[in-house]
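Indexing begins at 1, ligand by ligand and atom by atom, following the structure's order. The first residue in the sequence is number 1, and the count goes up from there.
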Amino acid sequence: MNKKIMILVAATLLSSELRAQQPKLTLDLSKPEVDVSPKLYGLMTEEINHSYDGGLYAELIRNRVFKDNPKAPDNWSVLEQGGNKATIELDTKDPLNEALPVCLKLHVEERVGRAGIINEGYWGIPVKPQTSYKASFYAKATDEAIGPVNVSIESNDGTITYASAVVSLDKGDWKRYAVTLSTNGNIKPTTQAHFVISVKSAGTYWFNLVSLFPPTFNNTPNGNRSDIMQLMANMKPTFLRLPGGNYVEGDMFSNRFNWKNTLGPLEGRPGHPSCWNYRSSDGMGLLEYLEWCENLKIEPVLAVFAGYVLKGDYLPAGPLLKPFVDESLEEIEYVTGDVHTKWGAQRAKDGHPQPFKLTYIEIGNEDGFDKSGSYDGRFTQFYDAIKAKYPQLQIISTIGGRDPLGSRFKIKDRRPELFDEHYYRSAWEMEADATHYDDYDRSGPKIFVGEWATREGSPTPNMNAALGDAAWMTGMERNSDHVVMSCYAPLFVNVNPGAMQWSSDLIGYNAISSYGSPSYYAQVMFSNNIGNKVVPVVGENIPTQTRNPTKKDTLAGVMPKPIPALFYVATRDNKSGVIYLKVVNTSAKAQQVDMVIDGAVKLKPEGMMTVMKGSTPEDTNTIKEPEKIVPVTTSIKGVAKSFNRIFDAYSITILKLEIH
Ligand code: AHR
């Protein structure tokens, strides 16, 4: 062989060697495909991190019924201007009613200047131009104090009044007053504002249920913030798991989510201390949860209290548990019963005659933590009662399957339709376990991954977390014949200091604006681009990476194993002929990948590509930089039975390919 030929052969060998090492994904459209669950991506919610009060629930007044602290009117302060002297204190002597026994007493000494009460809101009152706010409150006053009362939204430094209105107090007992406050067009949006009720007359005044609502989603009274509702709508979820989480259980029996106390007019809702260390107003009551589902056109997945509380107390199966089993049947009737049933009639009275669709009931939450082992009995009692009255409902057990809690407990006596499994992990752990469901026993109950998240980044997850999430989602999607539902948790966090109890939450906000984390956009990408059949994909030459050993690894003498750096899943929509190929590159290197589409199909040469990437794994979105990392969609050319693409470092990509 002469030198020239040798060089040519060497070059050919080198390039074919390189090509042989290049990652390759082969999609086989001729193989039998498994179904994709139409309910794979949903939402999970509970009152945590000021999810509702100071979050989705649009009420702006914090501590509106003065129960947050029995010793002092938290978040309220006294206004004294122009030489006036005034005091405020909690008063229980003349309650508004049994549910709201504490009110705020304002005593004004002189008829000079201005005095009043100030509420700081949930880390500020959001002021926007040309916006109408609905203010209302209950009040009464001593005779000399009867007269005009000024209601306003003012800047914290007191120099600007953004909106104000006057109401005239009547003589006599408690009465509700309502007024609209409208801002004009030339103000700059701010949260540096507070709510004021001020008076000019001396005397004593009492206030309760002081409320201020901005415009809400669909203009629903007692409704939700539009920006946060829109973020959820963009996720195209299919269900909402409610009302928890730990929140359904409570620390003690008295603190569980007692749905009956959350119904009807706000005047009748006592609120309750929740397990996440702050009081819940219960403005987000059972009906409001259901209307939230209705607004998003999704179904509730209703978790019922199952006789176990977080501090370990429980009621064993039997007569002591029965009242709670009965309560769950009544709750189901409230959700689904027609207006001729007792609780259906109550729902109609509360303003919603139309029953809600309900398919899934979850018995409790994370009952694997109940060390007594009482769940078998409790589950059985709930299961039997619910199935006897509502045989069509699908029942979810909170333990079982192959999760660490499930392995300790077995539902011996009854077979739930679904196991709820929870996973909170690092990105590495998510990626290392992305094949978790590949060899799962299909003969057992279906799987509901009712809480999961890659916990990296605070208050909201960063790009590395989104990569871990995306890798994990490829596994759920590939196995979605068996993993039929999933929802990330927690969903929300108010990003102000002191508002958060649990870091790494999908959507962040303050009083005036909100944003999605990279993990949020990973969810949007996955749930907006999914077919109805899983397409088998064979990966070859998939690059791997190994993390640096931790101190723990070194001590244990176990070195980390390499894991893949590329994750992938494909689905196709049989009706539209669209193929969705999702590729996650968790490595610091761009990866060129060959793609082969096997099967008797003709592909359109044009397709679409949506990419989200970070420059570093720590890259993230924040309230100040809400769209630093977002998916970007472009059109692509050159799609064929065999083509290749470069997948950027730290990226999540969706290729949308069309069949002729
Ligand atoms: O999502 C936060 C908490 O994690 C949930 O309330 C609980 O179910 C889980 O332990």
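For V102, the side-chain contact (heavy atoms from CB on, under 4.5 Å) criterion is met by F66, K67, L90, T92, not counting sequence neighbours. W502 meets the ring pair (Phe, Tyr, Trp, His ring centres under 6.0 Å) test with Y424; sequence neighbours excluded.
When the options E46, E366, E47 are ranked by their closest heavy atom to atom 5 (C) of ligand 1, first place goes to E46. Taking only non-hydrogen atoms, the option from V248, N246, L491 nearest to atom 7 (C) of ligand 1 is N246.
Ring pair Y488/W452: centre-to-centre distance below 6.0 Å.
Side-chain N or O atoms of K387 include one that pairs as donor or acceptor with a backbone N or O of L393 at under 3.5 Å.
Residue contacts with ligand 1 include W276, since one of its heavy atoms falls under 4.0 Å from the ligand. Within the structure, ligand 1 has P490 among the residues with a heavy atom less than 4.0 angstrom away.
The shortest N or O to N or O distance between H422 and ligand 1 is not below 3.5 Å.
In the vicinity of E451, heavy-atom distances shorter than 4.0 Å reach the ligand 1 atoms 1 (O), 3 (C), 4 (O), 5 (C), 7 (C), 8 (O), 9 (C). In the vicinity of Y424, heavy-atom distances shorter than 4.0 Å reach the ligand 1 atoms 1 (O), 2 (C), 4 (O).
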key: R347 vs E333, salt bridge (charged side-chain N to carboxylate O under 4.0 Å, His left out): CA-CA, chis, key distance, verdict   = CA-CA 9 Å; R347 189 195 59 243; E333 187 173 285; over 6 Å; no
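Classified by interplanar angle (parallel below 30°, tilted 30° to 60°, perpendicular above 60°), the ring pair F253/F324 is tilted.
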